[in-house]
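Everything quoted here is computed from the prediction, not taken from an experiment.
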Amino acid sequence: MYADAIDTDERPFVLIWEVTQACELACKHCRAEAEPQRHPDELTTAEGKQLLDEAASFGDDQLVVLSGGDPLARDDVPELVEYGTDQGLQMTMTPSGTNSLTPDRIQGLADSGLRRMAVSLDGASAATHDEFRQETGSFEQTIEAARHAKRAGLPLQINTTVCGETIEELPAIRDLVADLGAVLWSVFFLVPVGRGRVLDPISPECAERVMEWLCSVQSDAPFGIKTTEAPHYRRVALQQQTDSEAGPKPDGIGRRTGITAGDGFAFVSHTGELFPSGFLAESAGNVRDESLVKLYRNADLFEELRDPDALQGKCGACPYRNVCGGSRSRAYAHTGDPLESDPLCSFVPEEYDGPLPASWDGATSQVSGD
Ligand code: SF4
């Protein structure tokens, strides 16, 4: 099922459930500011199953991503994957690259019905990835886990953060994504929340060049590419007319590249708060007290985020606002208003003469050659 085929007023294309904030790693970009211990108020197994029941009522084949922290910090994850699968959900997961990701656990997840496993690579070598992840050995463990996933028949997704620290690595990471046989490369453009505030942001001009480069990679890559928190990739692709030439690559689940926070995307925190995204931590309510489905469809915050005419600044005046809309999470992180312009986009609509987002002093402008 493709996101274009669903009504995002009625249901998210992607529902993320942060099953725990616990994680052994202390990655530099961590949105969750993960900690070693599980939070005592996490949703329990029974509450999680209720949440999955509700997710299933959105409609057939609802996509659910179990994230963290490290979801494998919870022993009940295979049980939750099996339960969700039995309810008709497409269950996927983003485990951390630690030694908890053993071949047996990966096989167990595959046997439970997991549809895809996503692992993160923020460097193409042990030196660069482990520095970013602040953990010696994480690169090797991640590569091994990716290979085990393939052996277990699990489609593989690779997640990569784009920021000043990783930008030189992107061409080599692209090669690694192909070598590992991944079906999808998810390229996350940094939003400065959590520990990610200490990372080096890139400039809008640099982001533009990375997106142009991604369009050229997509034209002959054996995997799909999606951007996270950078829907203006769609605008760049349209301007390059690569959308009609290349079109989206099949990725085993089906996905467009333009869903945004609250509009096709929803995030349930480890304690049950419903946020438009993990990077836009403004709660619409708690799934312990209210229906997930009703909150997604009717909460004022979510309704506003789905209205392209509610957008402010140059995003509100932009002819691409229906296919892009900008990162609402980044607008919120920079201005406190999720409807403001996305400061990472360099596009200025013709005849727009209103205020422009403040520029980022010190942002990385250099893009590595390929
Ligand atoms: S101005 Fe806003 S809506 Fe237009 S392309 Fe840029 S981010 Fe997207």
Side-chain angles (χ1 to χ4, degrees), residues 6-23 31-35 37-71 73-77 79-94 191 193-194 259-307 310 328-329 332-333 336-339:
I6 70 166
D7 179 355
T8 56
D9 283 339
E10 293 294 308
R11 60 185 287 189
F13 181 62
V14 182
L15 176 68
I16 309 268
W17 172 23
E18 176 197 57
V19 294
T20 184
Q21 279 195 317
C23 184
R31 162 201 60 73
E33 299 188 79
E35 299 183 0
Q37 303 303 325
R38 292 178 58 185
H39 192 285
D41 201 29
E42 272 175 9
L43 294 183
T44 64
T45 305
E47 288 171 326
K49 287 181 177 176
Q50 276 177 18
L51 176 66
L52 295 174
D53 286 339
E54 274 243 50
S57 69
F58 275 125
D60 292 343
D61 297 325
Q62 177 63 48
L63 178 57
V64 175
V65 181
L66 302 182
S67 81
D70 182 2
R74 285 180 65 141
D75 291 335
D76 59 356
V77 160
E79 181 183 343
L80 293 169
V81 169
E82 188 167 359
Y83 185 84
T85 302
D86 288 347
Q87 309 318 306
L89 299 167
Q90 297 193 76
M91 300 296 294
T92 70
M93 190 168 64
T94 59
V191 178
V193 299
I259 57 174
T260 52
D263 186 7
F265 195 97
F267 180 98
V268 177
S269 81
H270 61 297
T271 56
E273 301 294 337
L274 180 67
F275 300 142
S277 92
F279 302 95
L280 204 175
E282 192 163 316
S283 179
N286 194 296
V287 299
R288 280 184 163 125
D289 310 320
E290 297 171 81
S291 151
L292 165 71
V293 174
K294 285 187 183 155
L295 282 175
Y296 177 83
R297 291 179 181 164
N298 304 326
D300 290 347
L301 174 62
F302 277 65
E303 286 195 324
E304 250 182 355
L305 288 166
R306 289 195 292 266
D307 178 5
R328 301 297 97 225
S329 307
Y332 181 74
D337 181 352
L339 299 174

Open item on the list: With a 4.5 Å cut-off on side-chain heavy atoms, are Met93 and Val77 touching?
Closed with: yes
Open item on the list: Using 0.5 Å steps for rounding, measure from the OG atom of Ser329 to the CD atom of Glu282.
Closed with: 11.0 Å
TODO: Side-chain contact test, heavy atoms from C-beta onward, threshold under 4.5 Å: evaluate it for Arg74 versus Leu66 and give yes or no.
DONE: no
Task: Backbone of Asp263 reached by a side-chain donor or acceptor of Arg306 within 3.5 Å - done: no
- [ ] Compare all side-chain heavy atoms of Glu290 with those of Leu274 and state whether any distance is below 4.5 angstrom.
- [x] no
TODO: Kindly assign one of parallel, tilted or perpendicular to the pair Phe275 and Phe267, based on the angle between their ring planes and the thresholds 30° and 60°.
DONE: parallel
- [ ] Enter the distance from His270:NE2 to Gln21:CD here, rounded to the nearest 0.5 Å.
- [x] 3.5 Å
Open item on the list: I want to check something: taking the side chain as every heavy atom from C-beta on, are Leu339 and Leu305 in contact at a cut-off of under 4.5 Å?
Closed with: yes
Task: Pair Val19-Glu42, side chain to side chain contact (heavy atoms under 4.5 Å, CB included): steps then yes or no - done: CA-CA 7 Å; Val19 294; Glu42 272 175 9; over 6 Å; no
TODO: Decide yes or no for Glu79 and Lys49: does some side-chain heavy atom of the first lie under 4.5 Å from some side-chain heavy atom of the second?
DONE: yes
Task: Stacked cation flag Arg328 on Phe302, 6.0 angstrom / 45 deg - done: no
Task: Atom of Ala261, atom of Ser277 and distance for their closest heavy-atom approach - done: CB-CB, 3.8 Å
Task: Donor-acceptor contact below 3.5 Å, side chain Glu54 vs main chain Leu292 - done: yes
- [ ] Answer yes or no: is there a donor N or O on one side and an acceptor on the other, between the side chain of Gln90 and the main chain of Asp61, under 3.5 Å?
- [x] yes
Task: N/O donor-acceptor pair under 3.5 Å between Asn286 side chain and Thr271 backbone - done: yes
TODO: Kindly indicate whether the side chain of Tyr296, heavy atoms from C-beta on, has any atom under 4.5 Å from the side chain of Thr8.
DONE: yes
Task: Euclidean distance, Leu295 CG relative to Ser283 OG, rounded to 0.5 Å - done: 8.0 Å
TODO: Look only at the side chain of Gln50 and the backbone of Ala46, and say whether a donor-acceptor pair between them is shorter than 3.5 Å.
DONE: no
TODO: For atom CG of Asp300, decide whether the heavy atoms of other residues, nucleotides or ligands shown that lie under 6.0 angstrom number more than 12.
DONE: no
- [ ] Report yes or no: does Gln62 contribute a side-chain atom to a donor-acceptor pair with the main-chain N or O of Leu52 at less than 3.5 Å?
- [x] no
Task: Worked check of side chain to side chain contact (heavy atoms under 4.5 Å, CB included) between Tyr332 and Val191 - done: CA-CA 10 Å; Tyr332 181 74; Val191 178; over 6 Å; no
Open item on the list: Quick one, Leu43 and Trp17 - any side-chain contact, counting heavy atoms below 4.5 Å?
Closed with: yes
TODO: Report yes if some heavy atom in the side chain of Leu15 is under 4.5 Å from a heavy atom in the side chain of Leu89; otherwise report no.
DONE: no
Open item on the list: side chain to side chain contact (heavy atoms under 4.5 Å, CB included), that's the test. Do Thr260 and Phe265 meet it? Break it down for me.
Closed with: CA-CA 6 Å; Thr260 52; Phe265 195 97; over 6 Å; no
Open item on the list: Give me the atom names and distance for the closest heavy-atom approach of Ile259 to Gly264.
Closed with: CD1-O, 3.8 Å
Task: Rounded distance (nearest 0.5 Å) linking atom OG1 of Thr20 with atom NE2 of His39 - done: 9.5 Å
